[in-house]
Amino acid sequence: MTTSPRHGDKPLIDPVELGKRLVGRADVSVLADQDAAWALDASLPQKWHTYGGYVRLFLADASEQDPAERHPLIYVTPGRAAEAIRYIMTRVHSIDSVWAAQPSNGPDRGADDRLAEENRQLRHQLQSVKEGLNAARRDRRELQVKLRDLKGALRSDQSRSLPPTSYSDPEKQFRYEVEQVWLWRYTENERQDWPLRPYSFGPDWLASLGDDLPVHRRDIVDVVTDVLTGRAASLTGRQVRPHKTYASGGAPQLVRGDGATAWRCNIKNNSPAAPRMTWWKLSEGAVELGRISLHDDTRLR
C-alpha cells in the first residue's frame with residue numbers, strides 16, 4: 001500500500017505504526033513528497049491515483065483490468081489516524097478473505113465478521129461525514145447572518161455619514177458632498193435613470209445650513225440629491241408640492257419674474273418643527289436651491 005503526503009507535509013497517519021500492525025500481511029510505502037506522488041500517478045491508471053494524504057491498498061496480483069474497488073483508496077480524516085489505521089486493518093483482512101484464491105470447505109464465519117466490521121466502520125465514517133456537513137452548514141448560516149448584520153451596520157453608518165471635508169470653500173464642499181452621497185445612494189444603473197440636474201445656489205442657501213436647525217446635514221444632502229434627480233416627486237415621504245405665495249389652501253404657487261416656479265418638500269416627517277426645503281425650478285429644467293427652514297417659515301427669494 002502507499003500513503004501520499006498532504007500539501008508537502010508528512011502523511012496523515014504514521015507509516016511506521018501502520019507497518020508494524022500489518023507486518024507479514026502487507027508492505028507500506030510512503031510517497032515522500034508531491035513529486036513522488038505525481039511520478040507514481042503518471043505510471044498508474046488514473047483510477048489508482050493516491051492523493052491528499054490518503055492511503056491506497058494494492059493487491060500483489062494487480063492488473064490494469066482490475067476494477068478500481070479491488071484496490072481501494074482509504075480516506076483519512078486529519079486528527080483521526082488511529083481510527084483510519086483500524087479501518088485499514090479491517091480492509092486488509094477483508095481483501096484477504098474476498099480475493100484470496102484458496103478453497104474453502106464451508107462458510108467462512110471470520111470473513112462474515114470482518115465484512116460486518118467493515119460495514120460498521122463505513123457507517124461510522126458516513127455518520128462522521130454527515131455530522132461534518134451539518135456543522136459546515138450551521139457555520140455557513142451563522143456567517144451569512146453575521147455578513148447580513150455587518151452590511152446592515154455599514155448601511156446604517158453610511159446613512160448618517162458625510163464625505164470628509166475636502167474644500168475650504170463652502171459651496172465647493174457642498175457640491176462635493178452632493179456628488180458623493182448620490183454615488184453612495186444610487187446604484188450605477190439608477191444613476192443612468194436619475195442623473196443630477198444642473199443646479200445653483202440661491203442667495204440664502206448656504207446661510208440656511210446652520211447648526212441651529214433640528215436636522216442632520218446628511219439628511220439635507222439626501223433630500224437635495226432626491227430633488228436634483230427628480231426622484232423626490234415619486235417618494236411619498238418627501239411630499240413635494242408647490243410653494244405658495246402665502247399660507248392659505250387656495251393661494252397660488254409662487255412664480256418669480258423670470259418664470260421660475262417655487263417648490264417645497266419635507267426633509268423629515270413627524271419630527272419637531274418639521275424642517276422643509278424650498279427651491280426654484282428654472283424654465284430650462286435646472287434647479288436653484290432656495291433655503292432650509294422650519295415648517296412655518298415660508299420665506300423664499
Side-chain angles (χ1 to χ4, degrees), residues 148-163 174-202 204-206 208-256 259-301:
R148 183 190 63 201
D149 292 343
L150 286 173
K151 287 182 176 179
L154 179 61
R155 285 194 296 269
S156 177
D157 291 343
Q158 194 179 65
S159 69
R160 303 301 299 168
S161 64
L162 281 167
F174 190 81
R175 287 184 179 276
Y176 172 64
E177 292 172 4
V178 168
E179 181 180 20
Q180 293 302 305
V181 169
W182 174 66
L183 292 172
W184 289 350
R185 294 181 62 214
Y186 289 72
T187 66
E188 183 174 0
N189 289 334
E190 288 175 334
R191 292 196 293 270
Q192 295 178 5
D193 297 330
W194 304 100
L196 291 173
R197 285 182 286 183
Y199 67 101
S200 58
F201 297 95
D204 299 320
W205 176 256
L206 293 175
S208 72
L209 304 180
D211 297 332
D212 56 337
L213 291 173
V215 61
H216 193 276
R217 185 177 174 101
R218 172 59 192 270
D219 294 325
I220 296 174
V221 177
D222 282 348
V223 73
V224 168
T225 60
D226 289 339
V227 167
L228 294 180
T229 60
R231 198 174 191 176
S234 64
L235 299 175
T236 304
R238 294 298 185 206
Q239 297 185 26
V240 175
R241 56 204 180 274
H243 186 56
K244 304 296 185 66
T245 54
Y246 51 88
S248 172
Q253 183 177 17
L254 182 63
V255 179
R256 206 164 57 183
T261 54
W263 295 86
R264 180 181 181 90
C265 76
N266 295 1
I267 298 176
K268 297 176 67 177
N269 295 299
N270 303 318
S271 63
R276 305 287 190 252
M277 171 184 165
T278 52
W279 69 95
W280 295 100
K281 184 176 180 181
L282 308 184
S283 57
E284 69 273 17
V287 170
E288 181 183 308
L289 302 178
R291 62 194 299 260
I292 302 297
S293 61
L294 300 182
H295 178 270
D296 296 329
D297 186 349
T298 60
R299 292 172 297 167
L300 180 63
R301 61 182 181 136

**Prompt:** So K268 and V223, side chain to side chain contact (heavy atoms under 4.5 Å, CB included) or not? Walk me through it.
**Reply:** CA-CA 9 Å; K268 297 176 67 177; V223 73; over 6 Å; no
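A search for side-chain contact (heavy atoms from CB on, under 4.5 Å) contacts involving R197 returns K281, V287, not counting sequence neighbours. Here R264 pairs with nothing under the salt bridge (Lys or Arg N to Asp or Glu O under 4.0 Å) rule; sequence neighbours left out. The side-chain contact (heavy atoms from CB on, under 4.5 Å) check on T187 picks up N189, E190, with sequence neighbours excluded. Among residues two or more places apart in sequence or in another chain, the side-chain contact (heavy atoms from CB on, under 4.5 Å) test is passed with D204 by R291, R301. When the salt bridge (Lys or Arg N to Asp or Glu O under 4.0 Å) test is applied to R175, the partners found at least two apart in sequence or on another chain are E171.
The backbone N or O of W182 sits nowhere less than 3.5 Å from a side-chain atom of W194 that would complete a donor-acceptor pair. Looking only at distances, a side-chain donor or acceptor of R241 sits under 3.5 Å from a matching main-chain atom of Q239. A donor-acceptor distance shorter than 3.5 angstrom exists from the side chain of Q253 to the backbone of A262, with no hydrogens or angles considered.
Rounded to the nearest 0.5 Å, atoms CG (L300) and CH2 (W263) are 13.5 Å apart. Annotation: the span from L289 atom CG to I220 atom CD1 amounts to 11.0 Å, rounded to 0.5 Å. If you take CZ on R299 and NE2 on H243, they are separated by 10.5 Å, rounding to the nearest 0.5 Å. One distance of note links CG of L162 with CH2 of W184; it measures 6.5 Å at 0.5 Å rounding.
Using a 4.5 Å heavy-atom threshold, the side chains of T298 and R276 count as separate. Considering only heavy atoms from C-beta on, L209 comes within 4.5 Å of L206 through its side chain. Using a 4.5 Å cut-off on side-chain heavy atoms (C-beta onward), E288 and W205 make no contact.
The side chain to side chain donor-acceptor pair (under 3.5 Å) analysis of residues 226-238, with sequence neighbours excluded, yields the pairs R185-D226, Y186-D226, Y186-T229, D226-R238.
The shortest non-hydrogen separation linking P163 to V181 is CD-CG2, 4.3 Å. The two residues V178 and L196 come nearest to each other via the heavy atoms CG1-CD1, 4.2 Å. I292 approaches S208 most closely through the heavy-atom pair N-OG, 3.0 Å. Contact between L282 and A260 at its shortest, heavy atoms only, is CD2-CB, 3.7 Å. In terms of heavy atoms, S293 sits closest to D297 at OG-O, 3.0 Å. Closest approach of P275 and V215 over heavy atoms only: CG-CB, 4.0 Å.
Annotation: E284, atom CD; neighbour count of heavy atoms from other residues, nucleotides and ligands within 6.0 Å is above 12.
Checked against the 6.0 Å centroid criterion, the rings of W279 and Y199 do not qualify as a close aromatic pair.
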